[in-house]
Amino acid sequence: MTEAAALPGQPRGGVLGGPATDRAVNVLAPNPSAMTLDGTNTWIVAEPGSGLAVVIDPGPLDEGHLTRVIATAEAAGHRVGLTLLTHGHPDHAEGAARFAELTGSKVRALDPALRLGDEGLAAGDVITTGGLELRVVPTPGHTADSLCFHLPADQAVLTGDTILGRGTTVVAHPDGRLGDYLDSLRRLRSLAVDDGVHTVLPGHGPVLEDAQGAVEFYLAHRAHRLAQVETAVENGYAEPGDVVAHVYADVDRSLWPAAELSVRAQLDYLREHGLV
């Protein structure tokens with residue numbers, strides 16, 4: 001067993017950019033950081049032989065990146081026919097308006113403020129641009145407007161920040177809610193178990209080859225952290241910052257502000273369920 005295969009979700013090694021499945025190609029944005037890992041994954045998804053492509057998460061407002069996405073699509077014989085957003089965080093969506101100008105494509109998102117065009121996105125929607133089939137999967141929790149996109153033909157799901165290719169994601173309180181996030185993870189587990197999805201195409205980090213394994217790891221991690229936070233509160237750590245310092249002591253301090261968002265979401269969840 002390789003080191004990669006031993007990690008949750010079996011992350012694919014090698015270069016992050018380039019073809020990932022028969023229909024999905026990643027163009028990595030130049031915005032690496034502790035929060036964005038190697039950078040934002042901008043996905044070009046198209047049916048083989050089609051003249052149209054769908055772009056998911058154009059990424060930051062970086063002209064070089066946006067033109068590189070267009071050039072990559074055109075080199076494969078595709079024109080960008082539609083832009084989709086998994087959620088509204090700037091590292092995924094800031095470049096969408098400019099990308100729409102460059103491509104003439106509409107932007108569809110759950111949040112009306114992010115849309116360019118008449119149509120939004122909702123649970124059960126099926127996108128069929130250029131013969132491609134993408135199914136909209138509502139996955140609130142990281143943010144209230146988070147969506148995933150099921151790509152049945154490749155037995156894959158594009159997860160934005162709901163599942164990352166490395167590490168775990170933030171429940172971005174107050175917009176993000178832990179109860180919603182746990183429900184969303186269970187929905188993704190159902191895609192893996194019942195619909196045969198095995199590949200995760202994340203918003204950051206490498207492709208994962210074991211979707212069910214990734215979801216199970218995330219659910220176990222959340223249960224473990226929640227138990228730690230509950231114990232910390234029982235031991236007198238009442239303020240979110242104090243809980244972070246106690247529970248996340250092994251985490252890089254530069255990530256503590258993000259961890260505090262998750263802690264606040266966990267505290268809300270515990271209160272809602274009468275556990276603290």
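When reading the values below, keep in mind they use all heavy atoms of this one structure, side chains included, and skip hydrogens, waters and symmetry mates.
In this view, D154 and R23 satisfy the salt bridge (Lys or Arg N to Asp or Glu O under 4.0 Å) rule, not counting sequence neighbours.
At least one donor-acceptor pair closer than 3.5 Å links the side chain of T42 to the backbone N or O of D57. The backbone N or O of P140 lies less than 3.5 Å from no partner atom in the side chain of D180, so there is not a single donor-acceptor pair. No donor-acceptor pair under 3.5 Å is formed between the side chain of W256 and the backbone N or O of A249. The closest donor-acceptor contact from the side chain of T128 to the backbone of G131 lies at 3.5 Å or more, if one exists at all. Between the S105 side chain and the G81 main chain, no donor and acceptor come within less than 3.5 Å of each other. D145 places a side-chain N or O within donor-acceptor distance of the main-chain N or O of G88, the cut-off being under 3.5 Å. Using a distance-only test at 3.5 Å, with no hydrogens or angles considered, no donor-acceptor pair links the side chain of D242 to the main chain of A238. Proximity of a side-chain donor or acceptor of D91 to a complementary backbone N or O of P60 within less than 3.5 Å is not detected. At least one donor-acceptor pair closer than 3.5 Å links the side chain of D111 to the backbone N or O of A113. The closest donor-acceptor contact from the side chain of R135 to the backbone of A123 lies at 3.5 Å or more, if one exists at all.
Donor-acceptor pairing under 3.5 Å is recorded for the side chains of H173 and D268. Looking only at atom types and distance, the side chain of D38 has no donor-acceptor partner in the side chain of H204 under 3.5 Å away. N31 and H65 share no donor-acceptor pair across their side chains, judged by distance under 3.5 Å alone. No donor-acceptor contact under 3.5 angstrom links the side chains of T159 and T162, judged on distance only.
Taking the side chain as every heavy atom from C-beta outward, L52 and E47 never approach each other to under 4.5 Å. Using a 4.5 Å heavy-atom cutoff, the side chains of T168 and F217 are in contact. L191 is not listed as a side-chain neighbour of R187, based on a closest heavy-atom distance of 4.5 Å or more. Inter-residue side-chain proximity for P152 and D195 is flagged as unmet; no heavy-atom pair is nearer than 4.5 Å.
Scanning both residues, A232 and V247, for their nearest heavy atoms gives CB-CG2, 4.0 Å. In terms of heavy atoms, N41 sits closest to G205 at ND2-O, 3.0 Å. For the residue pair T86 and G160, the shortest heavy atom distance occurs at OG1-CA, 3.7 Å. The heavy-atom pair separating D125 from G120 by the smallest distance is OD2-O, 4.1 Å.
Considering D175, T143, D161 in turn, D161 is the only one that fulfils the side-chain hydrogen bond (donor to acceptor under 3.5 Å, both in side chains) rule with H87. When the options E209, Q10, Q155 are evaluated for a side chain to side chain contact (heavy atoms under 4.5 Å, CB included) with T199, the one that passes is E209.
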### Task
Just do the salt bridge (Lys or Arg N to Asp or Glu O under 4.0 Å) check on E239 and R264 with the steps written out, would you?
CA-CA 9 Å; E239 296 300 319; R264 289 180 180 274; over 6 Å; no

### Task
Decide salt bridge (Lys or Arg N to Asp or Glu O under 4.0 Å) for E216 and R189; before the verdict, give the C-alpha distance in whole Å, the side-chain angles of both, and the deciding distance to 0.1 Å.
CA-CA 8 Å; E216 298 292 0; R189 179 170 59 187; 3.4 Å; yes

### Task
May I have the step-by-step check of side-chain contact (heavy atoms from CB on, under 4.5 Å) for R222 and V171, ending in yes or no?
CA-CA 10 Å; R222 281 295 164 201; V171 179; 4.0 Å; yes

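Taking a cutoff of 4.0 Å between a charged side-chain nitrogen and a carboxylate oxygen, K106 and E119 do not qualify as a salt bridge. R177 has a carboxylate O that lies under 4.0 Å from a charged side-chain N of E272, or vice versa, which qualifies the two as a salt bridge.
Other members of the cluster containing V45 are W43, V54, I56, L82, L84, L110, L121, I127, L132, L134, V136, L147, F149, L151, L158, L201, V207, with ILVMFWY side chains joined at under 4.5 Å, either directly or via other members. L16 belongs to a hydrophobic cluster whose remaining members, ordered by chain and number, are L28; membership requires side-chain heavy atoms of ILVMFWY residues under 4.5 Å apart, directly or through intermediates.
Summarising the geometry, atom CZ belonging to R98 is positioned 9.5 Å from atom OG1 belonging to T67; distances are rounded to the nearest 0.5 Å. Here the CG-OG1 distance, from L164 to T36, works out to 10.5 Å after rounding to the nearest 0.5 Å.
Under the 4.5 Å side-chain contact rule for hydrophobic residues, L61 and V107 do not share a cluster.
Classified by interplanar angle (parallel below 30°, tilted 30° to 60°, perpendicular above 60°), the ring pair Y218/Y181 is tilted.
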